[in-house]
Protein chains: 2
Amino acid sequence: MPDSGQQLGRPRDSHIDHAVLAAARGLLAEVGYSRVTMDATAARAGVGKAAIYRRFGSKAELLFAASVHDMSIEPPPDTGSLRGDLHALARLIHERLGNPLARQVTPALMAEMVRSPELAARLQQTFVAQQRADFAALLERAERRGELPRPLDPALAHLLLSGPVFMALFAFQDPVDDTVLGEIASVIAAGLVARSAGPAPG
Amino acid sequence: MPDSGQQLGRPRDSHIDHAVLAAARGLLAEVGYSRVTMDATAARAGVGKAAIYRRFGSKAELLFAASVHDMSIEPPPDTGSLRGDLHALARLIHERLGNPLARQVTPALMAEMVRSPELAARLQQTFVAQQRADFAALLERAERRGELPRPLDPALAHLLLSGPVFMALFAFQDPVDDTVLGEIASVIAAGLVARSAGPAPG
């Protein structure tokens with residue numbers, strides 16, 4: 001039993017994480033965002049509801065993790081250039097946001113954030129902070145390579161690369177192909193390099 | 001009466017346009033996206049429902065026009081540089097998407113587009129095409145100035161500039177200040193110039 005009190009540490013936690021996220025994905029595909037409940041997720045995962053709330057503060061956070069990404073995302077492997085790294089990250093973002101569950105969950109989450117600034121703040125502190133850490137890692141690599149003379153704000157790079165993918169998928173319902181992802185990465189990489197070499201803002 | 005059959009041409013149409021959009025805005029503010037109806041809008045505007053359907057194929061299109069922008073948008077005045085023009089356009093996009101009615105309507109529209117590819121296609125052919133025309137005008141100006149040696153795709157420029165603003169507002173519920181809009185414009189302008197001077201894609 002998952003909550004038997006055994007001291008198995010991280011492996012036991014990973015098992016529950018996996019079961020909860022898999023249960024949420026199954027329910028999402030079957031009944032849709034609005035009808036998924038924490039109770040049904042706990043029952044399907046075979047865990048107590050407390051085990052879910054220890055991991056996710058709300059249904060919105062659970063369904064974000066189940067459909068887009070959890071807190072264990074990593075930056076893509078070093079491709080040897082900022083342009084290559086941004087293209088690889090753009091592909092990851094497109095996969096995460098473009099899968100059928102994410103395309104269902106994301107608009108529902110956005111509508112919920114309009115009504116709940118607390119949810120928006122919470123998602124910022126968790127998933128968005130995790131995404132920004134990946135951008136920070138890519139910018140640090142580019143600094144070490146000498147591509148960026150001056151450090152740049154990871155939050156700006158995050159908006160610049162993710163924004164176009166997000167808008168194509170959710171404002172236009174139009175997945176972009178790999179050529180477009182490469183073009184986006186090329187323009188952003190060239191722009192960040194030029195900006196880093198130019199005068200500081202403000 | 002608006003539908004009296006008088007041959008007044010454009011001025012009469014503009015009067016109805018204005019009345020319909022003002023009625024839709026009033027209803028949106030009072031009852032919210034889901035409860036606005038074409039009937040109520042027609043009644044408040046003092047026009048027949050047919051007059052609304054001649055202008056807007058669906059409630060979604062009417063409420064987009066009433067909250068974000070109608071079909072009469074124009075590119076911002078020439079600032080003398082691609083960077084300045086993109087900053088001016090980023091400000092317009094932020095105003096259009098960041099006003100309280102647009103922040104209510106946009107997530108509802110996105111959720112509706114998930115269910116209706118026809119609506120997404122229709123919005124692409126109308127409002128999005130109009131937005132792209134403004135980007136095409138900015139890129140043509142930059143070509144005439146000699147800033148862009150090779151023509152660039154307006155759809156790519158549109159995604160690159162609007163995407164970050166859209167994502168900040170709707171994924172993060174976080175309006176961006178004018179310094180950030182200027183930074184976004186600087187990176188995109190530098191990136192487009194570098195891309196235009198480099199090899200053609202593909």
Side-chain angles (χ1 to χ4, degrees), chain A residues 33 97 100 103-117 119-121 123-124 127-128 152-153 155-174 176 179-180 182-199 201-202, chain B residues 33 97 100 103-117 119-121 123-124 127-128 152-153 155-174 176 179-180 182-199 201-202:
Chain A
Y33 184 96
L97 290 175
R103 292 181 77 178
Q104 180 200 140
V105 166
T106 307
L109 270 180
M110 282 187 280
E112 203 168 330
M113 280 193 278
V114 172
R115 297 186 295 272
S116 168
L119 174 63
L123 294 177
Q124 284 271 359
F127 302 107
V128 175
L152 295 173
D153 179 6
L156 178 68
H158 181 252
L159 277 180
L160 285 164
L161 191 76
S162 303
V165 177
F166 182 85
M167 184 162 189
L169 286 169
F170 298 108
F172 302 160
Q173 289 289 313
D174 192 14
V176 289
T179 305
V180 174
E183 278 293 294
I184 291 169
S186 293
V187 173
I188 302 300
L192 290 175
V193 166
R195 199 71 197 115
S196 170
Chain B
Y33 184 95
L97 291 175
R103 294 182 75 180
Q104 181 201 138
V105 165
T106 307
L109 269 180
M110 282 186 280
E112 202 168 330
M113 279 192 279
V114 173
R115 297 185 295 271
S116 169
L119 175 62
L123 294 177
Q124 284 271 1
F127 302 108
V128 175
L152 294 172
D153 179 6
L156 178 69
H158 181 254
L159 278 180
L160 285 164
L161 190 77
S162 303
V165 177
F166 183 85
M167 185 163 190
L169 286 168
F170 297 108
F172 302 159
Q173 289 288 315
D174 191 14
V176 290
T179 305
V180 174
E183 278 293 295
I184 290 169
S186 293
V187 173
I188 302 301
L192 290 175
V193 166
R195 198 73 197 112
S196 170

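We name chains A, B, ... by the order of the sequence lines, and we start the count at 1 in each one. Since the structure is predicted, the reported quantities are computational estimates derived from the model, not experimental observations.
Note: A:F166 and B:F166 have tilted aromatic rings, judged against thresholds of 30 and 60 degrees for the angle between ring planes.
If you tally non-hydrogen atom pairs under 4.5 Å between each of B:A190, B:A171, B:G182, B:S196 and chain A, the highest count goes to B:A171. Counting heavy-atom pairs under 4.5 Å between each of B:S186, B:A121, B:A120, B:A194 and chain A puts B:S186 at the top. Listed options A:S162, A:A108, A:P117 were ranked by heavy-atom pairs under 4.5 angstrom with chain B; first place goes to A:S162.
Once rounded to the nearest 0.5 Å, the distance linking CG of A:D174 with CE of B:M113 reads 11.0 Å. Rounding to the nearest 0.5 angstrom, the gap separating the CZ atom in A:R115 from the CD atom in B:Q173 is 10.5 Å. Rounding to the nearest 0.5 Å places CE of B:M110 at 9.5 Å from CE of A:M167. Between B:E183 atom CD and A:L159 atom CG the span is 11.5 Å, to the nearest 0.5 Å.
Both the backbone and the side chain of B:I184 come within contact range of chain A, judged by heavy atoms closer than 4.5 Å. Looking at B:V128, the atoms closer than 4.5 Å to chain A (heavy atoms on both sides) all sit in the side chain, from C-beta outward. In this structure, the portions of B:A111 lying under 4.5 Å from any heavy atom of chain A include both its backbone and its side chain.
Summarising the geometry of A:V187 relative to B:I188, their closest heavy-atom pair is CG1-O, 4.2 Å, with the distance given to 0.1 Å.
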